[in-house]
Protein chains: 2
Amino acid sequence: MQVPSPSVREAASMYGTAVAVFLVILVAALQGSAPPESPFPYHIPLDPEGTLELSWNVSYVQETVHFQLLVRDLKAGVLFGMSDRGELENADLVVLWTDGDSAYFGDAWSDQKGQIHLDSQQDYQLLRAQRTPEGLSLLFKRPFSTCDPKDYLIEDGTVHLVYGILEEPFWSLEAINTSGVQTGLQRVQLLKPNISIPALPSDMRTMEVRAPDVLIPGQETTYWCYITELPEGFPRHHIVMYEPVVTKGNEALVHHMEVFQCAAQFESFPRFSGPCDSKMKPDRLNYCRHVLAAWALGAQAFYYPEEAGLAFGGAGSSRFLRLEVHYHNPLKIKGRRDSSGIRLYYTATLRRFDAGIMELGLVYTPVMAIPPQEKAFVLTGYCTDKCTQLALPPSGIHIFASQLHTHLTGRKVVTVLARDGREREIVNRDDHYSPHFQEIRMLKKVVSVHPGDVLITSCTYNTEDRKLPTVGGFGILEEMCVNYVHYYPQTQLELCKSAVDPGFLQKYFHLVNRFNAEEVCTCPQASVPEQFAAVPWNSFSRQVLGALYSFAPISMHCNKSSAVRFQGEWNLQPLPEIISKLEEPTPQCPASRGQSPTGPTVVSIGGGKG
Amino acid sequence: MQVPSPSVREAASMYGTAVAVFLVILVAALQGSAPPESPFPYHIPLDPEGTLELSWNVSYVQETVHFQLLVRDLKAGVLFGMSDRGELENADLVVLWTDGDSAYFGDAWSDQKGQIHLDSQQDYQLLRAQRTPEGLSLLFKRPFSTCDPKDYLIEDGTVHLVYGILEEPFWSLEAINTSGVQTGLQRVQLLKPNISIPALPSDMRTMEVRAPDVLIPGQETTYWCYITELPEGFPRHHIVMYEPVVTKGNEALVHHMEVFQCAAQFESFPRFSGPCDSKMKPDRLNYCRHVLAAWALGAQAFYYPEEAGLAFGGAGSSRFLRLEVHYHNPLKIKGRRDSSGIRLYYTATLRRFDAGIMELGLVYTPVMAIPPQEKAFVLTGYCTDKCTQLALPPSGIHIFASQLHTHLTGRKVVTVLARDGREREIVNRDDHYSPHFQEIRMLKKVVSVHPGDVLITSCTYNTEDRKLPTVGGFGILEEMCVNYVHYYPQTQLELCKSAVDPGFLQKYFHLVNRFNAEEVCTCPQASVPEQFAAVPWNSFSRQVLGALYSFAPISMHCNKSSAVRFQGEWNLQPLPEIISKLEEPTPQCPASRGQSPTGPTVVSIGGGKG
């Protein structure tokens, strides 16, 4: 443990006005303090050029993340940090900057105008600064939670990393405003689950589903679609793991990739390789939607649990696969070729259980709508006890992974499991969800669902940029609230979703009409989207819509496939009653706070390996 | 600044499991660190016997409270602290305890079961422990805000202090549960305003309005009523200050006192001295309700601003005064005599302005109701721009004090001033309001209200212990939401309050009926309380009532006296539109945290003055 001498401590306590007195700790001294024992399993490029590369590891015991930031071609400094949704304002930052003479490293924050301030509490702790052949390597650590209100709380789910490249010296930290700096964001799941790799079968084989040497278009966003097929007569196998194969040099361009299986109802599918929105794309490709594998930037290999595998091949399933690659090319680089894809690892020795995918959340129907100009409107979909009672085996199912899904206005998604009216555990939660970052995530803890359990999926939407209400539906400007849960053993239950009873929604339109002088069209020939569009959106109509959704009976989809319901009465079902909610965890403050410096650290980056 | 040596710091960092290793700092060392320069202007007995006596001062510069706790007749230790509403569970505590050998002082907290735990962050800092002839005197300090989620945030308004008396040694802190200890609570305004005393007139005289040697009844609660009168021909004077006169020895029994002036409409009032709820009390005493002075436990002298005084005496005002004394006697002590009261300081040289009292908030009407079983239901009353435009002088009025008022279910009260649709400042706020502690509080900052300004008063109610709805009204089981603001110069506006439009409330009853199979009586002969009593209270009817109150037009009382309105149309007024709200202040964490010990302190209390 590093103990500064009293005189240094006194100097530190004199630190009052910003950047007035510096606590001088040399790099040599820094190296003495706890370098991370473990390597850095996770890597991600931050900027499109790959100038900044982040590696990290997570210690759940210490509740700390160690970061290693590689800065190639260092100019006058860098910003790195986190913020709620990737904005550079109100961000929690570390700053490496120079005043021309010395270089400094400090824990800082930006205010709502992007102005940077030194943090009164230094929670990012620099452990090493070192020149390497590739560039400057900074090693620092941060507890998940610091109890400093200016700091970001590192939680499960998506984290929006932000960065900035300082091109010139600043005489002080307070002189930096993020608006004048080249900045950007990168989304990542920082708190990766700590999962031990299951035993893999000895007869495991691999198959690569890769783009056929695609010329990446020189535009910001491209979804590339490519159809390929399994060999004729390919028998039933179990996929036991898969991993990304990214063409070297394209790491910052390949944003996410998915492999879909096509529908078995069609004998064959036309060959295609081109942008998914191309007019040349055959319509039939819309029937290739059954997810086999999905990867997004920063994700690693995906392993199925030892007892289960995802079936593919064999009779009753299509031989055709669709690969979708999202190229994110904000610098509009031209002429780059790519053959990225996903490598499937599969076995002919079928495992004990088939894995399945179940859809939880809201039915795709306009009766579930979000008023315009809402900051955080919540819609909730239920998988009721009646449905799980009917459809799940007596020993239950085990959810091991989850992929959250909304369209453009989604901001948070959570699924909670309830039993006997009490919320028991979180299945998956993302309080910083982004529709631009939908990966399949392994759960930190497998969640078992028994017959009679209830699964409640809530999505929070932001429609501040919309003038008209947003209704549920398939369109990109309509909304969804879905959690695709990956589980075993597979059951017939493919869909367990709900929507408000349409009759109660009509009562809502009627009462809005009664309370407002303006006209709301409640005539039977008007469609629900038309009725919503006619609502005068004031505090009353907004709040009463929320009250309706949290009170009115629901219509359940408890389905074997998207069209076939389990037998039973599924209309006008009562909302599941929840008598006790899960408590929000209070973040623990790190116990020993005294060791951190109270001001920025002078960094010696002139030398070689120190 | 006290700097522990590295070896002590290392010992501290080894402190892991509770009460395993102690940071040994002797009392002598403690005395070196910053004894408070200022004396303790505020005092309050904590328990009914007066065994524990608290003195304190407030530094707004350091954002710190210094406490001096006198423990008479020390047994094995004491608990002292704060909690949301005076409960001993989830409380923020300091504990002085002994294991039989040594005595320890530590910052602790109690969980929801009352079990005590050592705090990982020691924010109460012991400065001195000293035996005095009266008992053990403990001097310690606490920042207003610590950023430790286990700590209470010291805010403006009521603070619920809690205490406990340990009768026997405990082998460890964790062995203490508050449920097995003699405990209690005391309400106080900890953060007293730092007001400089205005110049007082040279011809100032005093008058004591005191109970006539009352024999305090041996019951927990007594409101004593006593009628007295001003001398005949007593001319118009200005009260410029007043202070409590509490009979020595009764400090813990006299809870609050108020002096009221009787109504001028009656020539005379009968003499009376007895309990206010006595059947012998003449009915006419109900006409003595105009507040002249009010004091509650822990409050100090009340000063009018230098430019203003409260008029009393002279033509047009009654000579009769009513003193009300609330005796709080939980130990049911018998035979105690009391002559407490209030000493008025007044001058014949009238000051420039008469002070006035204006009533803000809700009209006393059943249309404003709180559903049963609500944890925090908010009702809001408005003083609209239209009323202030009409009734206030062009230069505005200046509010210098405020008395908040609700009945039994009130938990929070706040009045906000808005101008041009924007909230500008808080007039008064109490997030830990108790109906059992209603004192007139000087504002920290005088608030000026101009014609066209809006005053918004919101009360939060808890009806978890009620089975039926609580409607607005005068009854003790009905509710009020009032802020009596003390201001100058006096205007004709005595009442600026609102309530929901009754027609819109009828629409509410109608729609609740539509959404529920059960019957809601909307027949015209049913009274509003009857209609509320018939509502089936589910999430929909609750939320829609809230939505109605935050949307429906209001009926304004913009009155010269309780019965005389200013001229104008006051029905079906639009709710004031608020386009920007005041931001909640983020609590600042104390900058230098490193100096605090990380474990309990061994206290030497054997010696004399040390």
Side-chain angles (χ1 to χ4, degrees), chain A residues 1-10 12-16 112 119-121 145-151 504 507-508 510-512 514-516 538-552 575 577-578 583-599, chain B residues 1-10 12-16 112 119-121 145-151 504 507-508 510-516 538-552 575 577-578 583 585-599:
Chain A
M1 191 129 311
Q2 184 211 343
V3 182
S5 69
S7 63
V8 171
R9 288 184 48 81
E10 274 167 349
S13 72
M14 286 163 58
Y15 184 86
Q112 54 191 4
D119 213 332
S120 63
Q121 197 175 297
S145 121
T146 67
C147 289
D148 178 346
K150 295 292 182 206
D151 283 352
F504 269 77
K507 290 190 189 191
Y508 167 77
H510 191 88
L511 87 88
V512 165
R514 235 187 118 81
F515 271 80
N516 291 280
N538 52 47
S539 72
F540 187 71
S541 57
R542 289 168 192 276
Q543 286 181 63
V544 175
L545 183 62
L548 178 87
Y549 287 148
S550 62
F551 165 74
L575 277 187
E577 206 184 323
I578 299 300
E583 265 187 56
E584 288 291 321
T586 342
Q588 280 299 117
C589 305
S592 61
R593 176 96 44 105
Q595 277 94 42
S596 304
T598 56
Chain B
M1 190 126 316
Q2 183 211 343
V3 182
S5 68
S7 64
V8 170
R9 288 185 50 81
E10 275 168 344
S13 71
M14 286 164 58
Y15 184 87
Q112 53 190 6
D119 214 332
S120 63
Q121 198 175 294
S145 120
T146 66
C147 289
D148 178 347
K150 295 292 182 204
D151 284 353
F504 270 76
K507 290 191 191 191
Y508 167 77
H510 191 87
L511 88 87
V512 165
N513 203 12
R514 236 188 118 81
F515 271 80
N516 291 281
N538 52 47
S539 73
F540 187 72
S541 57
R542 290 167 191 276
Q543 286 182 63
V544 176
L545 183 63
L548 177 90
Y549 286 149
S550 62
F551 165 75
L575 277 189
E577 206 183 325
I578 299 301
E583 265 185 57
T586 342
Q588 280 298 117
C589 304
S592 62
R593 177 95 45 104
Q595 276 95 44
S596 303
T598 56

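Convention: sequence-line order gives letters A, B, ...; per-chain numbering from 1.
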Student: Is it the case that the side chain of Lys507(A) and the backbone of Phe515(B) share a donor-acceptor pair, with hydrogens and angles ignored and the cut-off at 3.5 Å?
Tutor: no

Student: Tell me, side chain or backbone of Leu575(A) under 4.5 Å from chain B's heavy atoms, or both, or neither?
Tutor: neither

Student: Just verifying a value: how many Å separate Arg514(B) CZ and Tyr508(A) OH, rounded to the nearest 0.5 Å?
Tutor: 14.0 Å

Student: Going by side-chain hydrogen bond (donor to acceptor under 3.5 Å, both in side chains), name the residues that satisfy it together with Ser550(B), two or more places apart in sequence or in a different chain.
Tutor: Gln543(A)

Student: Would you please test Phe551(A) and Val544(B) for side chain to side chain contact (heavy atoms under 4.5 Å, CB included) and show each step?
Tutor: CA-CA 11 Å; Phe551(A) 165 74; Val544(B) 176; over 6 Å; no

